Amino acid sequence: MKRIYFAIVFLIFTVFSAFLELYIVFNPAKESISLIEQATDLCKKDKKQEAIELCYEVSDLWDKSNPKINMFIQHEKTVEISSDIKEMTFCLEHDKDFEFMLAAEKLKEDLITIMDNELPHISNIL
Amino acid sequence: MFISAVRSALIYVFIIAAMRIMGKRQISDMQTSELVITLIISDIAAIPLQNTSQPLLSGIIPILVLMSLEIIFSVIMIKKSKFRKLICGSPVLLIEDGKLLQSQMKRLRISTEDLCAQLRQLNIFSLNEVQYCIAETNGSISVLQKPPYRQPNCSQAKIKTKDDGIEAVVINDGEILSNSLNLCNMSKDYLMEQLKRLNLNKEEIFILTADKKKITSIILKERKHS
């Protein structure tokens with residue numbers, strides 16, 4: 001009968017891990033999306049220096065949360081996002097506005113996909 | 001992680017259903033749910049081991065879910081016989097008074113050849129010898145022979161027997177096994193005394209067996225040739 005208590009503890013641990021994962025992945029992803037949107041707005045307004053600073057902020061944020069996110073998500077995905085951030089910053093630093101917009105959109109899309117993939121939707125489960 | 005947990009639960013139920021549909025022929029000694037757990041856990045555990053970019057948690061969490069489900073299911077099966085019947089099925093009579101019950105054999109999809117082969121493994125070479133043959137929930141068969149073919153036991157033959165207890169390995173490769181000592185009702189001091197009387201050291205012994213009364217056999221270690 002003691003084993004049933006272990007089973008209940010394991011199930012509670014599973015639910016806790018699932019919520020922890022959502023918290024760890026969603027927070028930096030949402031913050032990054034908001035910073036990227038601000039950066040693209042600033043770029044449209046020709047305030048490139050401020051936009052570059054925001055890109056660095058996204059990069060720092062991602063580098064900081066990467067080790068925690070790696071515990072839950074396939075490492076290839078996090079590596080891809082890191083390289084997308086670098087590409088976006090590089091484009092902005094070298095006055096390639098169109099490429100910057102493309103990279104920013106791709107990055108946003110990747111972050112949204114990561115968040116969506118972790119939600120227990122029927123489409124994800126099946 | 002939600003997806004891993006829910007997928008694990010779904011696969012668990014799905015494979016149990018599949019194994020139940022496949023029937024008793026497909027499983028050997030394990031209960032259906034045990035076989036399912038064994039199959040899935042071995043597969044899941046291999047994924048994060050093979051693919052290092054896969055987080056280890058995505059392997060651990062599904063295994064925890066499966067383990068928990070297995071425990072919870074087994075507890076429910078103890079409490080609710082109907083649930084046990086649903087998951088494990090129930091024993092099925094295949095032979096009654098030497099007569100094959102063909103409808104039951106068709107239902108379980110067991111051929112006469114398979115059944116005869118299983119009977120032969122139990123040292124039964126004629127269907128006429130069988131009073132009852134039952135297919136158990138784990139896929140094995142149990143047989144009760146007709147009275148003339150049954151081996152008489154000591155009480156039927158009115159033979160008085162003594163209980164000397166079980167013979168156990170007490171020393172294995174020079175090491176005293178305390179569990180076996182308890183089984184033989186023997187103290188360590190008594191054993192050492194006996195060894196002293198035989199002029200033996202426990203390190204020299206490869207295997208020593210004993211029952212409740214005495215040391216039954218001693219095999220010494222082979223000496224190394226230099």
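All heavy atoms count here, side chains included; hydrogens, waters and symmetry mates do not. In this text, all values refer to a predicted model and were calculated from it rather than measured experimentally. The sequence lines fix the lettering, A, B, ..., with proteins before strands; numbering per chain opens at 1.
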Interface residues of residues 65-89 of chain A facing chain B - heavy atom cut-off under 4.5 Å: A/N70, A/M71, A/F72, A/I73, A/Q74, A/H75, A/E76

Contact listing (chain A partner; residues 57-74 of chain B; heavy atom under 4.5 Å): B/L57, B/I61, B/L64, B/V65, B/M67, B/S68, B/I71, B/I72, B/S74

Quick check on [X]: does its [atom1] atom have over 12 non-hydrogen neighbours (other residues, nucleotides or ligands) under 6.0 Å away?
X      : atom1 : value
B/Q151 : CD    : no
A/K30  : NZ    : no
A/F16  : CZ    : no
B/K221 : NZ    : yes
B/Q102 : CD    : no
B/I166 : CD1   : no

Salt bridge (Lys or Arg N to Asp or Glu O under 4.0 Å) involving B/K188 - partner list, sequence neighbours excluded: none

Which residues share a side-chain hydrogen bond (donor to acceptor under 3.5 Å, both in side chains) with B/Q145, sequence neighbours left out: B/E129

